[in-house]
Amino acid sequence: MGEVRRATVADAGELVRLRGVFLGGAASPESAADEWQRVAFEVLQTRLAAPDPAMVAFVVDRADRPGALAACAVGAVDWRLGGPNDPTSEHGYVFNVVTDPDQRRRGYSRLCMTALLDWYYERGIRTVDLRASPGGEPLYHSLGFVRTTYPAMRLRLPAAED
């Protein structure tokens with residue numbers, strides 16, 4: 001089994017590529033075809049370099065391709081008002097847990113998720129949210145995640161005019 005490590009700025013391109021795998025298509029930070037790739041690359045470079053980051057990623061390197069990643073889990077800190085079940089203002093949000101298709105079933109996502117949850121724990125964060133795909137639910141359940149009573153909702157606002 002591979003070893004998990006915290007991602008660095010040098011991993012930004014591979015993290016964007018894995019984001020493309022997660023979203024169902026190939027992605028490359030060198031491609032200008034999709035604006036989201038350029039923006040994601042820039043965000044990762046900035047966030048991963050921060051001295052006290054509010055976004056981190058944990059990764060497993062591919063053994064067969066130096067410089068390439070096999071898997072990742074990316075998470076961010078979300079600030080909210082505390083409540084009776086969690087008086088703190090910091091919550092964790094997990095997104096972009098993905099393993100390259102040919103690297104699956106080796107425990108890499110579990111390694112990345114466990115490292116990310118440890119990072120949240122060390123920060124004092126006690127509530128961590130995520131949205132699970134049907135394929136990811138067994139992993140998340142095994143790590144202690146439970147369904148909430150409140151389904152997620154979304155509103156997309158139009159882009160502001162310049």
Side-chain angles (χ1 to χ4, degrees), residues 1-7 11-29 31 33-44 47-48 53-65 68-80 83 85-86 88 90-158:
M1 190 173 339
E3 302 229 354
V4 68
R5 64 176 176 82
R6 189 157 150 189
D11 296 310
E14 273 294 286
L15 288 166
V16 172
R17 182 188 66 77
L18 284 173
R19 177 83 173 148
V21 171
F22 177 80
L23 296 173
S28 168
S31 171
D34 287 315
E35 180 71 4
W36 74 266
Q37 294 172 351
R38 183 189 62 75
V39 172
F41 184 74
E42 291 173 2
V43 166
L44 284 163
R47 300 290 176 114
L48 294 176
M55 178 185 290
V56 296
F58 288 89
V59 299
V60 172
D61 294 300
R62 287 187 68 112
D64 61 341
R65 287 198 333 241
L69 300 177
C72 69
V74 184
V77 177
D78 201 10
W79 287 268
R80 303 177 186 178
N85 293 329
D86 187 349
T88 67
E90 290 186 341
H91 288 232
Y93 188 78
V94 177
F95 57 95
N96 209 61
V97 178
V98 61
T99 301
D100 261 334
D102 68 334
Q103 300 291 298
R104 292 181 180 160
R105 312 302 306 164
R106 300 177 190 196
Y108 295 163
S109 288
R110 178 175 298 282
L111 285 172
C112 292
M113 277 296 299
T114 300
L116 180 58
L117 294 174
D118 288 346
W119 181 80
Y120 283 133
Y121 180 79
E122 290 166 9
R123 280 188 71 116
I125 292 172
R126 298 296 175 258
T127 301
V128 179
D129 294 318
L130 58 74
R131 292 186 186 166
S133 67
E137 279 193 34
L139 169 64
Y140 304 131
H141 282 298
S142 75
L143 292 170
F145 284 85
V146 296
R147 288 189 173 274
T148 65
T149 56
Y150 303 104
M153 296 178 73
R154 176 175 290 154
L155 168 66
R156 292 197 183 271
L157 297 172

Set of residues satisfying side chain to side chain donor-acceptor pair (under 3.5 Å) with respect to [X], sequence neighbours excluded:
X: Asn96; answer: Arg19
X: Asp64; answer: Arg62
X: Arg147; answer: Glu137
X: Thr88; answer: Asp86

For Pro138, enumerate each residue passing the side-chain contact (heavy atoms from CB on, under 4.5 Å) test, keeping only those at least two apart in sequence or located in another chain.
-> none
Any [X] side-chain heavy atom under 4.5 Å of [Y] side chain:
X: Met113; Y: Leu130; result: yes
X: Val21; Y: Pro101; result: yes
X: Phe145; Y: Val128; result: yes
X: Asp118; Y: Phe58; result: no

Just jot down the salt bridge (Lys or Arg N to Asp or Glu O under 4.0 Å) partners of Arg110, sequence neighbours excluded, or say none.
-> none
Sequence-distant partners of Asp11, salt bridge (Lys or Arg N to Asp or Glu O under 4.0 Å), two or more places apart | Arg5
Looking only at heavy atoms, which two atoms of [X] and [Y] are closest? And how far apart?
X: Ser109; Y: Val98; result: OG-C, 4.4 Å
X: Gly2; Y: Tyr108; result: N-CE2, 3.3 Å
X: Ala57; Y: Leu15; result: CB-CD1, 4.0 Å
X: Gly92; Y: Ile125; result: N-CG2, 3.5 Å
X: Ala71; Y: Leu18; result: C-CD1, 4.0 Å
X: Ala132; Y: Tyr140; result: CB-CD1, 3.5 Å

With no hydrogens and no angle check, is any side-chain donor or acceptor of [X] less than 3.5 Å from a backbone partner on [Y]?
X: Arg17; Y: Ala68; result: no
X: Arg47; Y: Pro53; result: no
X: Glu14; Y: Leu69; result: yes
X: Ser142; Y: Leu139; result: yes
X: Tyr120; Y: Ala76; result: yes

Interatomic distance, Met55 atom CE to Leu44 atom CG [nearest 0.5 angstrom] = 6.5 Å
Hey, mind stepping through Val56 and Val74 against side-chain contact (heavy atoms from CB on, under 4.5 Å) and telling me if it holds?
-> CA-CA 6 Å; Val56 296; Val74 184; over 6 Å; no
Inter- and intrachain pairs under salt bridge (Lys or Arg N to Asp or Glu O under 4.0 Å), touching residues 123-135, at least two apart | Asp52-Arg123, Arg80-Asp129, Glu90-Arg123
